[in-house]
Amino acid sequence: MNINQIDQDNQTHPPLEPLRKHCRQEADTANIARSFADLISQLFLHTSQEDPPSRHINVALEGNLGSGKTTFARYLIQALGHDGSVKSPTYNLCEPYLVINNGLEITIHHFDLYRMQTPLEWEEAGFAEYFDYPGVCLVEWPEKAEGTLPAFDLSVRLEAISLFSTDDSEREITLKAKSASGEFIISRL
Ligand SMILES: Nc1ncnc2c1ncn2[C@@H]1O[C@H](COP(=O)(O)OP(=O)(O)O)[C@@H](O)[C@H]1O
Ligand SMILES: [Mg+2]
């Protein structure tokens with residue numbers, strides 16, 4: 001089954017509305033990231049039967065400093081099969097992870113473009129080919145690339161609920177599909 005078929009079968013057009021999830025605590029964010037990872041695995045199992053397999057997904061991670069982008073990425077990368085720590089790629093722009101997920105080898109590239117000086121620095125660093133690898137690209141601060149990145153399949157925006165809240169663990173997560181693969185995930189989350 002290819003992704004277009006999946007799309008037709010589920011009749012997800014016209015485009016899905018953004019999906020909003022309320023998180024009272026970090027454990028809720030962790031659960032969403034784990035479900036997300038599970039759906040990436042399902043998507044890759046479907047597309048692995050394609051010839052050639054189109055096993056790739058680009059995810060934009062949006063939100064202010066401290067909103068939880070790296071935290072979300074950490075739970076996602078670990079749920080995909082990485083057995084170890086996940087540090088913020090703030091200084092070297094990109095951290096790669098190779099995992100085995102459902103018997104499939106997946107490369108995850110976790111980017112943080114916050115410190116980029118010019119929009120095309122990611123390309124000059126040779127990162128463009130990572131967006132073609134079978135696997136997952138997670139990009140914090142995609143706006144720093146000013147629209148020069150390849151298309152995203154979906155975006156995940158994290159927002160602290162209230163600046164004045166005494167409970168600073170509350171977050172709203174908004175997920176938007178931008179492709180059939182993105183719709184596959186968001187319609188099942
Ligand atoms: N519901 C939540 N979701 C995500 N992170 C949370 C949540 N509640 C508290 N946190 C904390 O907020 C901080 C988010 O930091 P980080 O993930 O580095 O943010 P960013 O990458 O967006 O700058 C972490 O210390 C994390 O433990
Ligand atoms: Mg971060």
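Atoms within a ligand are numbered from 1 in the order they appear, just like the ligands themselves.
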Taking [X] for its side chain and [Y] for its backbone only, find out whether a donor-acceptor pair lies under 3.5 Å.
X      : Y      : answer
Arg115 : Asp112 : no
Arg74  : Val86  : yes
Asn101 : Ser41  : no
Glu172 : Leu158 : no
Asp153 : Ser181 : no
Asp28  : Arg24  : yes
Asn102 : Leu104 : no

If I apply the N/O under 3.5 Å rule, does Cys23 come out as touching ligand 1?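 In this structure, Cys23 places no N or O atom under 3.5 Å from an N or O of ligand 1.
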Please confirm whether Leu65 comes within less than 3.5 Å of ligand 1 when only nitrogen or oxygen atoms on both sides are compared.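 N/O-N/O distance under 3.5 Å: no.
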Within the stated cut-off of 2.8 Å, is an N/O/S atom of Glu140 closer than that to the Mg ion (ligand 2)?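 It does: Glu140 brings an N, O or S atom closer than 2.8 Å to the Mg ion (ligand 2).
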So, is Tyr114 placed with an N/O/S atom under 2.8 Å from the Mg ion (ligand 2), counting both backbone and side chain?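 No N, O or S atom of Tyr114 is closer than 2.8 Å to the Mg ion (ligand 2), so no.
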Check each heavy atom of [X] against ligand 1 and say whether those closer than 4.0 Å belong to the side chain, the backbone, both or neither.
X     : value
Gln25 : backbone
Thr70 : both
Asn64 : backbone

What do you think, any protein heavy atom under 4.0 angstrom from atom 25 (O) of ligand 1?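 Given the 4.0 Å limit, the answer for atom 25 (O) of ligand 1 is no, no protein heavy atom qualifies.
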In terms of atom number and element, which parts of ligand 1 are under 4.0 angstrom from non-hydrogen atoms of Thr71?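 Going through ligand 1 atom by atom, the ones under 4.0 Å from Thr71 are 4 (C), 5 (N), 14 (C), 15 (O), 16 (P), 17 (O), 24 (C), 26 (C).
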Ligand-side contact atoms (ligand 1) for residue partner Glu140, heavy atom cut-off under 4.0 Å: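 Contacts of ligand 1 toward Glu140, numbered from 1: 21 (O).
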Taking the six-membered ring for Trp, are Phe131 and His109 ring centroids under 6.0 Å apart?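 No, the ring of Phe131 stays outside the 6.0 Å limit from the ring of His109, centre to centre.
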Judged by non-hydrogen atoms, does Gly63 sit under 4.0 Å from ligand 1?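 False for this residue.
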Measure the distance from [atom] to every protein heavy atom, then report the residue, atom name and distance (to 0.1 Å) of the closest one.
atom                    : answer
atom 27 (O) of ligand 1 : Glu26 OE1, 2.5 Å
atom 2 (C) of ligand 1  : Thr29 OG1, 3.3 Å
atom 19 (O) of ligand 1 : Gly68 N, 3.2 Å

Are any non-hydrogen side-chain atoms of Ile57 and Phe44 less than 4.5 angstrom apart?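 Yes, at least one pair of side-chain atoms sits under 4.5 Å.
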Could you work out, for atom 12 (O) of ligand 1, the closest of Arg24, Arg171, His22, Glu172 by heavy-atom distance?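 Nearest option to atom 12 (O) of ligand 1, by heavy atoms: Arg171.
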My understanding is that we take every heavy atom of each candidate and find the minimum distance to atom 13 (C) of ligand 1. Doing that for Gly66, Ser67, Ser169, Ser88, which one comes out nearest?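 Comparing heavy atoms across Gly66, Ser67, Ser169, Ser88, the nearest one to atom 13 (C) of ligand 1 lies in Gly66.
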So among Val136, Ile108, Leu45, which one has a side-chain contact (heavy atoms from CB on, under 4.5 Å) with Ile40?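 Among Val136, Ile108, Leu45, the one that satisfies the side-chain contact (heavy atoms from CB on, under 4.5 Å) with Ile40 is Val136.
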